[in-house]
Amino acid sequence: MMVIGKTYKFKCSPEVLIYIGKNWSGNGYWHQFEKADARGNVWCELLDRDLTMIEEELDTGAENGIF
């Protein structure tokens, strides 16, 4: 289950993403993410079936307020 505010990354990519929620579009619900170093804009959107491409980021420094 995706959690708003948690950090994730693509399994083969270094970019840290922050989950900002799910949004309805004309062709389904899209999970939206922004990059941790470029907050304020949707950076990517994934369908439910595509969530297998990402994993939770465990070492982001978020607990120390570092982004």
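We use all heavy atoms of the structure for the numbers below, so side chains are in, but hydrogens, waters and symmetry mates are not.
- Residues passing the side-chain hydrogen bond (donor to acceptor under 3.5 Å, both in side chains) test with Glu45 are Gln32, sequence neighbours excluded.
- Counting all heavy atoms, side chain and backbone alike, Thr52 lies closest to Lys11 at O-NZ, 2.8 Å.
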### Task
Test salt bridge (charged side-chain N to carboxylate O under 4.0 Å, His left out) on Glu34 and Arg39 and set out the steps.
CA-CA 6 Å; Glu34 59 187 10; Arg39 309 272 318 255; 2.6 Å; yes

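- Phe10 and Leu17 make their closest contact through CE1-CD1, 3.7 Å (heavy atoms, listed as atom of the first residue, atom of the second, distance).
- Closest of all the heavy-atom pairs between His31 and Leu47 is CD2-C, 4.2 Å.
- Formation of a donor-acceptor pair under 3.5 Å by the Lys35 side chain with backbone atoms of Asn41 is not found in this model.
- Residues Phe33 and Ile54 form a side-chain contact, since some pair of their non-hydrogen atoms from C-beta on lies under 4.5 Å apart.
- Criterion: ILVMFWY side-chain heavy atoms under 4.5 Å apart, direct or through other members. Under it, Met53 and Tyr8 are part of a common hydrophobic cluster.
- Partner Tyr19 forms a side-chain contact (heavy atoms from CB on, under 4.5 Å) with one of Val3, Leu46, Ile4 and no other, that one being Ile4.
- In this structure, CG on Asp37 lies 9.5 Å from CH2 on Trp43, to the nearest 0.5 angstrom.
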